[in-house]
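Values below: every heavy atom of this structure, side chains too, minus hydrogens, waters and symmetry copies.
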Amino acid sequence: MEKQGVAALSLRAAARRAGVSHNAPYRHFPDRDALLAALAAEGFAQLKQALDGKSGRELGEAYVRFALERPERFRLMFGGRLAKRGSPDLHAQAQAAFGALQGAFAGLGADAEYAAAAAWSLVHGLAHLILDGHLLKARDAAGGNATLVQRVLGTIRLAVGAQRTA
């Protein structure tokens, strides 16, 4: 999936790569959508693990790093191709990942949900802009994105802090 994209993924190709018969995946997944839902659910579990124990800018950096290290999985997870309600495991894993993000804002009381949504919007949008090549000029000298992500997230923190003191 990461090498050729989600469109190239089929149950037959997965079986070939796993070294099993072309019918073997059908014992676990009735169709391609079920396989994709399982891959997305696994991705949300991995995202939650990447976010656990982090807060502040470190949390945002972990989110963007996850997306950049697994771009096709990230696009599958958030691409709107899968009905989360149609797969209980996918829905549960997606909720758990967002819960890890929301937990970082629990101290804000009634505004926690909105703060989490704002932070999620920022890091999700930043990840997509980088993945889609819109921020190439802002990369660091080594051609990476770590400095870009740190500076963007740090700038937002400074801008919010300035608004609070004004």
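- With a 6.0 Å radius and a threshold of 12 heavy atoms from other residues, nucleotides or ligands, Gln49 has its CD atom at or below the threshold.
- In terms of heavy atoms, Gly53 sits closest to Glu58 at O-OE1, 4.4 Å.
- Within the 4.5 Å cutoff, the side chain of Met77 has no heavy atoms near those of the Arg70 side chain.
- If you take CG on Asn145 and CZ on Arg151, they are separated by 14.0 Å, rounding to the nearest 0.5 Å.
- Under the side chain to side chain donor-acceptor pair (under 3.5 Å) criterion, Asp33 pairs with no residue, sequence neighbours left out.
- Here the closest heavy-atom approach between residue Asp52 and residue Ala100 is recorded as OD1-CB, 3.8 Å.
- For the atom pair Leu131 CG and Leu126 CG, the distance stands at 9.5 Å (nearest 0.5 Å).
- Using a 4.0 Å cut-off between charged side-chain N and carboxylate O, Glu42 and Arg73 make a salt bridge.
- Here the closest non-hydrogen pair linking Leu36 and Leu76 is O-CD2, 3.6 Å.
- Contact of the Val152 side chain with the Val64 side chain is not registered, since no non-hydrogen atoms from C-beta on lie closer than 4.5 Å.
- Minimum heavy-atom separation, Gly60 to Leu153: C-CD1, 3.6 Å.
- Rounding to the nearest 0.5 Å gives a distance of 4.5 Å between CG of Leu148 and CD1 of Ile130.
- When all heavy atoms of Ala97 and Leu47 are compared, the closest pair comes out as CB-CD2, 4.2 Å.
- Annotation: His91 is not in aromatic contact with Phe44 [ring centroid separation under 6.0 Å not met].
- For the pair Lys48/Gln93, no side-chain contact is recorded, criterion being any heavy-atom separation below 4.5 Å from C-beta on.
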Show me, pair by pair, the donor-acceptor contacts under 3.5 angstrom made by side chains of residues 105-121, not counting sequence neighbours?
from, atom 1, to, atom 2, distance (Å)
Trp120, NE1, Tyr63, OH, 2.9
Ser121, OG, Ala117, O, 2.8

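- Contact detail for Arg57 and Gly154: the closest heavy-atom pair is CD-N, 3.9 Å.
- To the nearest 0.5 Å, the span separating CD on Gln46 from CG on Leu39 amounts to 9.5 Å.
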